[in-house]
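Since the structure comes first, as structure tokens, the remarks are kept for the end.
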Amino acid sequence: MKARDVAGWSYWPAPAKLNLFLHITGRRPDGYHELQTVFRLLDWGDRIGLRLRQDNQVRRDGPSVPGVAEADDLVVRAAIALQRAANCGQGVDIRVEKKIPAGGGFGGGSSDAATVLVALNALWGTGLDEDALAALGLKLGADVPVFARGHSAWAEGVGEKLQPISLPKAWYVLVDPGIHVPTAELFHSQHLTRDAAPVKIADFASGTVLGNAFEPVLRRREPAIEATFQALSGIGRARLTGSGSGCFVEFTTRAAAEQALAKLPKELRAWVAAGVDRSPLLDALETTGIV
């Protein structure tokens, strides 16, 4: 993170994530689905600009996602939720510099919201602890808590029951097929497996647990995603993240990932990112000395 610029903005990382596997193990009475997954944070993502205000206004400096009204924007909602929870009278201007593609399963909107919660908690001095920030985040979206806590994690429930996990160093070739299918539609698909047998962390660590419940649904439904899987099959085992459409292949070294990237068709939107166990946001906060 850079220090505040002459206009008063400070900038904070909002890292992307991958789901290294995703199983749906059941459905709750309230209609939400129970799942198991591993969230892997990445060293790549969006950047959030914050400029403090002396009034209590929360303003958005341009849309974070085109077509989303300011009042509905997750970053605005996150700031207001923090204000209310902490009874804070300060305000903020928010700017989102997007790199994470919307609707790709890389967690962009959730991460942006979490960065606003965590960074503003420090900048405003509101003093909420990690549990309180994660609880606020859960009200905004199921993926927000993992970003608010800032660690790669084993997840259960709707994604809010988190256990930090240490993962081997890895680099990923990521691909954005450019398809956005609403998650609600996917959950209603007759081809979705909703009753996978629960697994344990040891099963994942052994390498026997992979796969994503949404993969067969999306590959059947979207030719562009099937074409991406076919292209990636030439460099390794392709996987889907979240409810798609983002795809990835894992490598043990950056050099191997870069070499694989060079073999892909030029028309694919593909790039390399490293996996991290600890969020770059936490590192940035420590560097500033405000936490």
Side-chain angles (χ1 to χ4, degrees), residues 1 3-4 9-17 19 32 34-43 45-54 56-58 64 73-94 96 107-167 201 275-291:
M1 189 214 76
R4 286 185 179 86
W9 291 94
S10 62
Y11 291 90
W12 306 89
K17 60 82 174 170
N19 296 88
Y32 285 95
E34 297 274 358
L35 59 83
Q36 290 184 309
T37 190
V38 166
F39 289 113
R40 179 105 211 226
L41 301 183
L42 300 177
D43 69 348
D46 294 341
R47 196 170 76 141
I48 305 296
L50 300 172
R51 182 171 61 186
L52 302 188
R53 301 173 60 99
Q54 296 307 307
N56 68 347
Q57 296 298 304
V58 174
S64 57
D73 197 315
L74 275 180
V75 295
V76 173
R77 292 171 56 201
I80 293 172
L82 180 62
Q83 274 184 332
R84 292 172 176 170
N87 194 26
C88 175
Q90 299 182 68
V92 67
D93 296 319
I94 305 172
V96 181
S110 295
S111 186
D112 295 345
T115 289
V116 169
L117 285 174
V118 175
L120 275 184
N121 185 54
L123 293 169
W124 281 344
T126 44
L128 273 64
D129 63 17
E130 182 183 303
D131 289 343
L133 291 172
L136 278 179
L138 183 59
K139 295 177 182 179
L140 298 168
D143 286 353
V144 180
V146 70
F147 294 111
R149 293 189 181 276
H151 297 276
S152 290
W154 174 272
E156 298 188 80
V158 297
E160 87 289 4
K161 298 176 183 177
L162 299 165
Q163 180 177 338
I165 188 171
S166 295
L167 297 165
I201 294 179
V276 293
D277 286 339
R278 175 182 162 92
S279 172
L281 174 61
L282 300 185
D283 296 335
L285 286 164
E286 283 193 359
T287 298
T288 66
I290 63 175
V291 294

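We're numbering straight along the sequence, starting at 1. The analysis underlying the following values was restricted to heavy atoms, covering all of them including side chains, and did not include hydrogens, waters or symmetry mates.
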Those residues that, when tested against A148, pass side chain to side chain contact (heavy atoms under 4.5 Å, CB included) (two or more places apart): A114, V118
So, taking the atom named OG1 in T126 and the one named CG in N87, what distance separates them when rounded to the nearest 0.5 Å? 11.0 Å
Taking only residues two or more places apart in sequence, or in another chain, which ones meet D93 in a salt bridge (charged side-chain N to carboxylate O under 4.0 Å, His left out)? R51, R53
Restricting to non-hydrogen atoms, name the atom on D277 and the atom on R40 that form the minimum distance, rounded to 0.1 Å. OD1-NH2, 3.8 Å
Looking at CG of D73 and CD1 of I94, how far apart are the two atoms once the value is rounded to the nearest 0.5 Å? 7.5 Å
Is S111 reaching over with its side chain to a backbone N or O of A16, donor-acceptor style, under 3.5 angstrom? no
Sorted by chain and residue number, the side chain to side chain donor-acceptor pair (under 3.5 Å) partners of T37 (sequence neighbours excluded) come out as N19
My understanding is that only residues two or more places apart in sequence, or in another chain, count here; which of them pass side chain to side chain contact (heavy atoms under 4.5 Å, CB included) with A153? V146, L162
Once side chain to side chain donor-acceptor pair (under 3.5 Å) is applied, what residue pairs with a partner in residues 142-153 remain, sequence neighbours excluded? E130-R149, D131-R149
Side chain to side chain, W12 and V116, heavy atoms closer than 4.5 Å: no
Is the shortest heavy-atom distance from the side chain of D112 to the side chain of I48 under 4.5 Å? yes
Locate the shortest heavy-atom distance separating A119 from L50; write the atom from each residue and the value. CB-CD1, 3.7 Å
Side chains of L140 and L117, heavy atoms from C-beta outward: is any pair under 4.5 Å? yes
Heavy-atom pair of closest approach, residues A155 and F39: CB-CE1, 3.5 Å
Do L128 and L136 come close enough that some side-chain heavy atom pair is under 4.5 Å? yes
Donor-acceptor contacts under 3.5 Å from residues 75-85 side chains, at least two apart:
residue : atom : partner : partner atom : Å
Q83     : NE2  : N56     : O            : 2.9
Q83     : NE2  : Q90     : O            : 2.7

Could you tell me whether Q57 atom CD has more than 12 heavy atoms of other residues or ligands within 6.0 Å of it? yes
Heavy-atom pair of closest approach, residues L285 and A122: CD2-CB, 3.9 Å
List in chain and number order the residues that pass side chain to side chain contact (heavy atoms under 4.5 Å, CB included) with V276, two or more places apart in sequence or in another chain; answer none if no residue qualifies. L41, D43, P280
For W154, what residues pass the ring-ring contact (aromatic ring centres under 6.0 Å, His included) criterion, not counting sequence neighbours? F21
Looking at CG of L138 and CG of L133, how far apart are the two atoms once the value is rounded to the nearest 0.5 Å? 13.0 Å
